[in-house]
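Shown next, in structure tokens, is the structure this report addresses.
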Amino acid sequence: MKKYLLLYLFCSFSVAHASTVIDTTAGPSYTKNGWYGSGQSLTVGNTDTNLDSFSFYADATSNGKTFDFLVSNDWSGGSALFSSSVVVTTDLNTVLINQAMTAGSVIYALIDYNGFSGSTVQFTNNLYSGGNSAFGPVGAQSQYAGYDLKFNASFSSPSAVPVPAAVWLFGPALTGLVGMGKRKKAQLAAA
């Protein structure tokens, strides 16, 4: 009986949380000046499809500026999957997203500098093979396969379907039935 109860408890509380992190924040950094915006394409994995967050480094000259952030399904003219604004700092700027994406799809994290023409976000060379970067105004992007943003994207497996409350009562009910069976067996033996 104890081994079944222990098995039930183990199965109930041993839900694994998988995650995938794409991190190109290490290595040399380059900043781009005078562009209207930039972007980073990412390939969504087959299991960890929930985009939890996207982080990027900004140059000191853009500290305190408000950039618009967008996750889209294309460089230009695509559908917005998520949008937000972020007041940038020279540290790692993190945008919390928590949005389900399509497995195996390519998504685009786009940063609009809102007219700021000084040094903007930082880039690094050849660290991520599942995408590339683009710089420039809408309609005039130039894609650079040899560059990535200095970015960190965190994916996780989609949230599990909530377990009905009745399932959690299975263990105590099973324990009660076993106890009742033992009691009945003891009564029959005594009679």
Side-chain angles (χ1 to χ4, degrees), residues 17-45 48-103 105-159:
H17 178 72
S19 63
T20 299
V21 176
I22 303 168
D23 188 357
T24 69
T25 58
S29 66
Y30 312 89
T31 54
K32 288 292 178 182
N33 300 325
W35 297 92
Y36 294 94
S38 64
Q40 175 68 48
S41 62
L42 309 168
T43 301
V44 179
D48 296 336
T49 57
N50 195 76
L51 180 57
D52 298 325
S53 64
F54 185 89
S55 304
F56 62 92
Y57 276 101
D59 189 73
T61 59
S62 56
N63 190 34
K65 304 296 181 188
T66 300
F67 292 167
D68 288 332
F69 177 80
L70 174 73
V71 178
S72 178
N73 60 2
D74 201 353
W75 283 119
S76 177
S79 300
L81 306 173
F82 175 86
S83 64
S84 182
S85 291
V86 57
V87 178
V88 299
T89 67
T90 55
D91 201 356
L92 195 62
N93 298 271
T94 299
V95 181
L96 298 177
I97 299 171
N98 192 24
Q99 185 77 34
M101 301 293 164
T102 304
S105 66
V106 177
I107 58 174
Y108 302 85
L110 306 172
I111 303 167
D112 183 346
Y113 304 147
N114 288 330
F116 178 67
S117 61
S119 296
T120 51
V121 300
Q122 296 181 346
F123 299 87
T124 190
N125 243 349
N126 296 313
L127 287 177
Y128 173 55
S129 61
N132 56 30
S133 290
F135 317 118
V138 173
Q141 287 92 347
S142 297
Q143 294 185 32
Y144 293 87
Y147 278 95
D148 292 308
L149 296 184
K150 287 194 76 167
F151 77 97
N152 182 305
S154 178
F155 289 87
S156 65
S157 56
S159 298

Residues at least two apart in sequence or cross-chain that pass side-chain contact (heavy atoms from CB on, under 4.5 Å) with Thr89, listed by chain then number, are Asn63, Asp91, Asn93

Residue set satisfying side-chain contact (heavy atoms from CB on, under 4.5 Å) with Ala153, at least two apart, ordered chain then number -> Ile22, Leu42, Leu51, Phe54, Phe151, Phe155

ring-ring contact (aromatic ring centres under 6.0 Å, His included) filter on Tyr108, not counting sequence neighbours, yields Trp75

For residues 21-31, the side chain to side chain donor-acceptor pair (under 3.5 Å) pairs (sequence neighbours left out) are Asp23-Thr25

Please determine, by modelled atom types, if Tyr57 and Thr90 share a side-chain donor-acceptor pair under 3.5 angstrom.
-> no

Residues at least two apart in sequence or cross-chain that pass side chain to side chain donor-acceptor pair (under 3.5 Å) with Thr94, listed by chain then number, are Ser55

Rounded to the nearest 0.5 Å, the CD atom of Gln122 sits from the OG atom of Ser62 at a distance of 8.5 Å

| task | Kindly assign one of parallel, tilted or perpendicular to the pair Phe135 and Tyr147, based on the angle between their ring planes and the thresholds 30° and 60°. | result | perpendicular

Value for OH (Tyr36) from CZ (Phe116), rounded to nearest 0.5 Å, stands at 13.5 Å

Contacts of Asp74 meeting side chain to side chain donor-acceptor pair (under 3.5 Å) (sequence neighbours excluded), chain-then-number -> none

Across all chains, not counting sequence neighbours, the side-chain contact (heavy atoms from CB on, under 4.5 Å) partners of Asn50 are Asp52, Asn98, Ala100, Ser156

Point to revise | Non-hydrogen side-chain atoms of Ile107 and Ser41 separated by less than 4.5 Å | key: no

Applying side chain to side chain donor-acceptor pair (under 3.5 Å) to Thr66 and not counting sequence neighbours gives none

Contacts of Asp68 meeting side chain to side chain donor-acceptor pair (under 3.5 Å) (sequence neighbours excluded), chain-then-number -> Ser85

Sorted by chain and number, sequence neighbours left out, side-chain contact (heavy atoms from CB on, under 4.5 Å) with Ala145 holds for Asn132

Do any N or O atoms from the side chain of Asp48 and from the backbone of Thr20 form a donor-acceptor pair under 3.5 angstrom? yes

